[in-house]
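Input: a single structure, listed below in C-alpha cells.
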Number of protein chains: 2
Amino acid sequence: MGDQTVSYLQNALQEKGYRLTSARQVIVQELAASGGHVTADDLAVLVHEKAPGVGRMTVYRTLELLSELGLIRPVYQGTGAAHYILMDGGHHHHLVCSVCHRVIEFDDCVLGEIEQLICSRYRFQVQSHLLELYGRCPDCQ
Amino acid sequence: MGDQTVSYLQNALQEKGYRLTSARQVIVQELAASGGHVTADDLAVLVHEKAPGVGRMTVYRTLELLSELGLIRPVYQGTGAAHYILMDGGHHHHLVCSVCHRVIEFDDCVLGEIEQLICSRYRFQVQSHLLELYGRCPDCQ
DNA sequence: CTCTGTGCAAAGGATTTGCACTACG
DNA sequence: CGTAGTGCAAATCCTTTGCACAGAG
C-alpha cells in the first residue's frame, strides 16, 4: 500500500489529463498510506496534518474524481459517512464481521472455492456476500 | 421477489423478537415488490401510497433494522442517498455500468469463472469488481 | 497566459434524535 | 398493561455548490 500505489494513482490522474497539484499529491499519499477504509473527513484530517493549507473541500473533490476514474470506491461500512477503498489493479475484497464490524482485507483473488478458502485461511465464518462487478453494459461498449 | 421474500423477511423479524407491526408489513411488502435498489425516500413514497399513515421515519428505522439483521444492505450507487438491496438467501450480485450507471441484477452464483460467464451471458464487459463477504471474524465466533 | 484546481462559506440533502403517543403481544 | 414501535419536527451530519483567487502546464 505504499509508493507503488501512490505513483499508480498519480500516473492515472495525469494520463487522464488531470493536473497533479500539490494538494492532490498529499491527498493521494495519505490515502495510500492509510491503506484505504477511511472516510472523507478522516482523510481530510490526515491531509491537514501534513499540509495545513489543503482544505476539506479539496479532499472531497479529489475523492470524487478518483471514484469517477474507478481508482477508489465509496462503500457503506456501518454508520454515516462513506468509506473509501482502494481498487488496486481493478479489484478489492474484504471481510466484514457482522458482530464487531471489523474489516479484514485480503488480496487473494481466487474466484473459485472462495468461501472455503477464506474459512480455512482467515478462520472467518462466511455468512453472506456481495459481489459487485463494474464495467460496461452492452449499450455502453 | 414476491411473497416468499416478504414472508422470509417477516419471519426473520419475528424470530429475532421484533414486532411485526402493520407499518413494517407494508414496508417489507413494498421493498420486496420493488425488487430492491431503492433509496429510503423512494421506499417511503411507495409505502406512503399504500399506507398514508406510515411516515418516512418508520421507513428509515425499519431499513436500519433490516440492515442490522443482515437481510438487506445499503450500497452507494452513484449520487447521494443509499440504495438498499435484498440479500436473499445470503448473497447478492449485480453489474454496475461505469458509463450509464445502470444496474443489472443476476442470480447466478457460480463463483468460479464468473467474469467469463458474465461476459458471454450478459455481454457485460467486466472491468473491476468488489467482493464483500459478511460473517464472523475469529474473535466473534 | 489560460484554464483547471482551490478555498471559503453557505446551501442542500439525507439521516438521526427527543419526546409524547399508539398499539402489538 | 407494559414495552417496543411510531410520528412529527428539529437537529445533526455529510456532501455539494457558487464564486473569486491561485497555481500548474
Side-chain angles (χ1 to χ4, degrees), chain A residues 9-31 37-69 71-84, chain B residues 9-31 37-69 72-84 101:
Chain A
L9 294 175
Q10 294 186 345
N11 290 338
L13 276 177
Q14 288 193 304
E15 281 168 13
K16 299 276 184 176
Y18 295 97
R19 292 182 183 170
L20 188 54
T21 64
S22 58
R24 284 178 179 164
Q25 286 181 37
V26 178
I27 292 169
V28 164
Q29 279 167 21
E30 288 304 307
L31 177 61
H37 289 294
V38 286
T39 66
D41 261 325
D42 291 342
L43 188 56
V45 171
L46 292 171
V47 166
H48 202 74
E49 287 171 1
K50 291 287 173 71
V54 178
R56 187 167 59 256
M57 296 307 101
T58 305
V59 173
Y60 271 94
R61 280 188 279 227
T62 302
L63 289 173
E64 188 190 356
L65 177 58
L66 294 173
S67 297
E68 281 173 8
L69 298 179
L71 301 169
I72 62 175
R73 285 273 309 163
V75 294
Y76 274 112
Q77 222 128 264
T79 63
H83 288 236
Y84 288 86
Chain B
L9 294 174
Q10 293 186 344
N11 290 339
L13 277 177
Q14 288 193 304
E15 280 167 16
K16 300 276 182 174
Y18 295 97
R19 294 181 181 169
L20 187 54
T21 63
S22 58
R24 284 178 179 165
Q25 287 181 35
V26 177
I27 291 169
V28 165
Q29 279 167 20
E30 288 304 307
L31 178 60
H37 289 294
V38 286
T39 65
D41 259 327
D42 291 342
L43 188 56
V45 170
L46 292 171
V47 167
H48 202 76
E49 288 172 0
K50 291 286 173 70
V54 178
R56 188 168 59 256
M57 296 309 99
T58 304
V59 173
Y60 271 93
R61 280 188 278 228
T62 302
L63 289 174
E64 187 190 358
L65 177 59
L66 294 173
S67 297
E68 280 173 9
L69 297 179
I72 62 175
R73 283 275 307 163
V75 294
Y76 274 113
Q77 221 126 264
T79 63
H83 288 235
Y84 289 86
H101 299 105

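Below, read A as the first sequence line, B as the second, and so on, with proteins coming before strands; counting in each chain starts at 1. Because only heavy atoms are used, hydrogens play no part in the values below, and waters and symmetry mates are left out as well, while side chains stay in. Nothing here was measured: the structure is a model prediction, and the numbers come from that model.
Following rounding to the nearest Å, B:Y60 (OH) and D:dC14 (C1') show an atom-to-atom distance of 13 Å. Atom CG in B:D41 sits roughly 7 Å away from atom P in C:dT15 (whole-Å rounding). With rounding to whole Å, A:Y76 atom OH is found 12 Å from D:dC14 atom P. The distance from atom CG of B:L66 to atom C1' of D:dG5 is 14 Å, rounded to the nearest whole Å. As rounded to whole Å, 17 Å separates atom P of D:dC14 from atom CD of A:E64. In this structure, A:L20 atom CG and C:dT4 atom C1' are separated by 13 Å, rounded to whole Å. For B:R61 and D:dA9, the CZ to C1' distance is 12 Å, given to the nearest whole Å. Spacing between atom CD of A:Q25 and atom C1' of C:dG5 amounts to 13 Å, rounded to whole angstrom units.
Residues B:V59 and B:I27 approach most closely at CA-CD1, 3.8 Å, considering heavy atoms. Minimum interatomic distance between A:G80 and B:Y76 (heavy atoms only, all atoms of both residues): O-OH, 4.4 Å. Nearest heavy-atom pair across B:Y84 and B:S67 is CE2-OG, 3.6 Å. Minimum interatomic distance between A:Q29 and A:Q10 (heavy atoms only, all atoms of both residues): NE2-NE2, 4.4 Å.
Of the candidates C:dT15, C:dC24, C:dC8, C:dT15 carries the atom nearest the B:A40 side chain, counting heavy atoms from C-beta on. When distances are taken from the side chain of A:R19 to each of D:dG18, D:dG25, D:dA9, the shortest belongs to D:dG25. Among C:dA9, C:dG5, D:dC14, the nucleotide with an atom closest to any side-chain atom of A:T21 is C:dG5. Between D:dT15, C:dT17, C:dG25, one nucleotide has an atom nearer to the side chain of B:Q14 than all others, and that is C:dG25.
Each end of the helix from C:dC1-D:dG25 to C:dG25-D:dC1 yields a helix axis from five base pairs, and these two axes differ in direction by 50° (to the nearest 10 degrees).
The backbone N or O of A:V54 lies less than 3.5 Å from a partner atom in the side chain of A:H48, making a donor-acceptor pair.
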Please walk me through it: do A:L31 and A:L66 pass side-chain contact (heavy atoms from CB on, under 4.5 Å)?
CA-CA 11 Å; A:L31 177 61; A:L66 294 173; 4.1 Å; yes
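Taking for each of B:M57 and B:Y18 the nucleotide of DNA chain D with the nearest heavy atom, the 5'-most of the two is the partner of B:Y18. Along DNA chain C, the nucleotide closest to A:R24 and the one closest to B:A81 are compared, and the more 5′ of them pairs with A:R24.
Of the listed residues (A:L9, A:T58, A:L65), just one forms a side-chain contact (heavy atoms from CB on, under 4.5 Å) with A:R24, and that residue is A:L65.
Using a 4.0 Å heavy-atom criterion, one finds that B:G55 contacts the sugar-phosphate atoms exclusively.
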